[in-house]
There are 2 protein chains.
Amino acid sequence: MISTRGRYALRVMIDLAEQEPGRYTPLKDVAERQRISKKYTEAIMAGLSKAGLVDAAHGKGGGYRLNRPAEEYSVGEILRITEGDLAPVACLEHGASPCAYAENCRTLPVWDKLNLMVNEYLDSITLASLAE
Amino acid sequence: MISTRGRYALRVMIDLAEQEPGRYTPLKDVAERQRISKKYTEAIMAGLSKAGLVDAAHGKGGGYRLNRPAEEYSVGEILRITEGDLAPVACLEHGASPCAYAENCRTLPVWDKLNLMVNEYLDSITLASLAE
DNA sequence: CCATTTGCCTACCATGTCAATAGGTTGTTT
DNA sequence: AAACAACCTATTGACATGGTAGGCAAATGG
């Protein structure tokens, strides 16, 4: 359900949240602290950057930093961006072709509520509450 | 998180719960009603049978039937048997090698509680409540 | 006893995702 | 110009998934 990629992304974001706010932190440092390979961290960071969760600066003294205060990120948001979707079943995934038998599917309500529960829980946790 | 296999297994179990109790239902009939290929249904049913969730009878007039009243099955039980595990992250899976940094992992409590929530919810739904 | 029905078992395959790596390019700063 | 750091595109190996094929074993009905 939640892959290594997503879990790493969360750890990376927590790491950034623990740095001095506003300052850029080189990816290399984050990767070393989190014991994630530099290359793999790059791939993950690229997604976070493209989605606008973090801000990047090239060159010496550059690196990454959070774009907003840590209280304004939720775990759900971070995971949805890196994982694409948190839906527990394929038929609820964003952009899934609607199931022809959904109308009288006995199991759909189960997945529906599960989906809601998971998302609500993860949305209720802020990045700040996990840092420091 | 929950694959086709698990979702099919649940539908199959609901189908059996809707048949006359005690009577054997041929796999062929279940597969046709549920619009799942006979062969794939076989593979799924084999797991349910081996785990003792259903009872099988060979030969003419044979088939499958539930081993207990439908009220005594939970969705969680059925899914855990067919999916192996419902853990949202690898480090919580049954038999996973314990993470060396679990002691001071900032994210572990999140996964832990998520795991608990998901299992408790799915365990609270009985097969009977989905049938008929 | 034999044919039919039905479950059971083993193997196989095609596709796709995941984790991770490699190498090079672009942009910034000092 | 040199060092640094982000960015981009491929590629790889391993594994899970969804699904199929063919044959064997057991039970039943006639």
Side-chain angles (χ1 to χ4, degrees), chain A residues 1-9 11-12 16 19 23-32 34-65 67 79 82-85 87-91 93 96-97, chain B residues 1-9 11-12 16 19 23-32 34-65 67 79 82-91 93 96-97 99:
Chain A
M1 179 191 195
I2 290 161
S3 64
T4 308
R5 196 181 199 84
R7 280 178 286 135
Y8 284 179
R11 278 167 54 193
V12 162
L16 286 182
Q19 307 311 310
R23 238 203 171 68
Y24 288 105
T25 306
L27 178 144
K28 198 183 122 205
D29 295 6
V30 177
E32 276 170 10
Q34 297 302 320
R35 295 182 192 84
I36 308 173
S37 92
K38 198 186 153 201
K39 276 297 179 185
Y40 199 33
T41 310
E42 270 186 19
I44 289 162
M45 208 64 112
L48 298 173
S49 181
K50 191 180 276 183
L53 290 199
V54 297
D55 184 26
H58 282 229
K60 223 168 209 171
Y64 292 95
R65 68 180 180 191
N67 245 341
L79 291 180
T82 49
E83 297 276 325
D85 212 315
V89 293
C91 60
E93 269 165 25
S97 54
Chain B
M1 178 189 197
I2 291 161
S3 63
T4 309
R5 197 181 197 82
R7 278 178 287 135
Y8 284 179
R11 279 167 53 193
V12 163
L16 286 182
Q19 307 312 310
R23 238 203 170 69
Y24 288 106
T25 307
L27 179 143
K28 198 184 121 204
D29 295 7
V30 177
E32 276 171 11
Q34 297 303 320
R35 294 182 192 84
I36 309 173
S37 92
K38 199 187 154 201
K39 277 297 178 186
Y40 199 33
T41 310
E42 269 187 19
I44 290 162
M45 208 64 112
L48 298 173
S49 181
K50 190 180 276 182
L53 290 199
V54 297
D55 183 27
H58 281 230
K60 227 166 208 171
Y64 292 95
R65 67 179 179 192
N67 245 341
L79 292 180
T82 49
E83 298 275 324
D85 213 316
L86 296 180
V89 293
C91 59
E93 268 165 25
S97 53
C99 174

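To find a chain, count down the sequence lines: A is the first, B the second, and so on, and within it residues start at 1.
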Give the intermediate values and the outcome of side-chain contact (heavy atoms from CB on, under 4.5 Å) for residues B:Val89 and A:Arg7. CA-CA 8 Å; B:Val89 293; A:Arg7 280 178 286 135; 3.4 Å; yes
Indicate yes or no for a side-chain donor-acceptor contact from B:Glu83 to the backbone of B:Ile2 under 3.5 Å, with no hydrogens or angles considered. no
Atom-to-atom span, [atom1] of [X] to [atom2] of [N] - whole angstrom:
| X | N | atom1 | atom2 | value |
| --- | --- | --- | --- | --- |
| B:Lys60 | D:dT28 | NZ | P | 12 Å |
| A:Tyr8 | C:dA19 | OH | C1' | 8 Å |
| B:Arg7 | D:dT17 | CZ | P | 12 Å |
| A:Met45 | D:dC7 | CE | P | 9 Å |
| A:Leu27 | D:dC4 | CG | P | 15 Å |
| A:Asp55 | D:dA5 | CG | C1' | 14 Å |
| B:Asp85 | D:dA16 | CG | P | 13 Å |
| A:Lys38 | C:dG24 | NZ | C1' | 13 Å |

Please tell me which of A:Gly59 and A:Lys50 maps to the more 5' nucleotide of DNA chain D, matching each residue to the nucleotide holding its nearest heavy atom.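 Looking at DNA chain D, the more 5' nearest nucleotide goes with A:Gly59.
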Does a side-chain heavy-atom distance below 4.5 Å link B:Val30 with B:Tyr64?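 Counting from C-beta outward, B:Val30 and B:Tyr64 never come under 4.5 Å.
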Does [X] make a side-chain N or O approach to OP1 or OP2 of [N] shorter than 4.0 Å?
| X | N | result |
| --- | --- | --- |
| B:Thr4 | D:dG18 | yes |
| B:Ser3 | D:dG18 | yes |
| A:Tyr24 | D:dA6 | no |
| A:Tyr64 | D:dC7 | yes |

Which residue lies toward the 5' end of DNA chain C, A:Gly61 or A:Glu42, if each is placed at its nearest nucleotide? A:Glu42
Taking for each residue the nucleotide of DNA chain C bearing the nearest heavy atom, is the 5' side occupied by A:Ile36 or by B:Pro26? B:Pro26
Which part of the nucleic acid, if any, lies within contact of B:Ala57, taking any heavy atom under 4.0 Å across all strands shown: a base, the sugar-phosphate backbone alone, or nothing? sugar-phosphate
Indicate, with a heavy-atom threshold strictly under 4.0 Å, whether B:Ala46 touches base, sugar-phosphate, or nothing. nothing
With respect to the side chain of B:His58, which nucleotide from C:dT30, D:dT28, D:dA26 is positioned closest? D:dA26
Which nucleotide wins on minimum distance to the side chain of B:Tyr40, given the candidates D:dT20, C:dT29, C:dA19?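 Of the options given, the side chain of B:Tyr40 lies nearest D:dT20.
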Separation of A:Gln34 CD from A:Asp29 CG (nearest 0.5 Å): 11.5 Å
Look up atom CZ in A:Arg5 and atom CD1 in A:Ile36, then write down how far apart they are to the nearest 0.5 Å. 11.5 Å
For the side chain of A:Lys39 and the base of C:dG23, is some donor closer than 3.5 Å to an acceptor across the two?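 Flag set: donor-acceptor pair detected.
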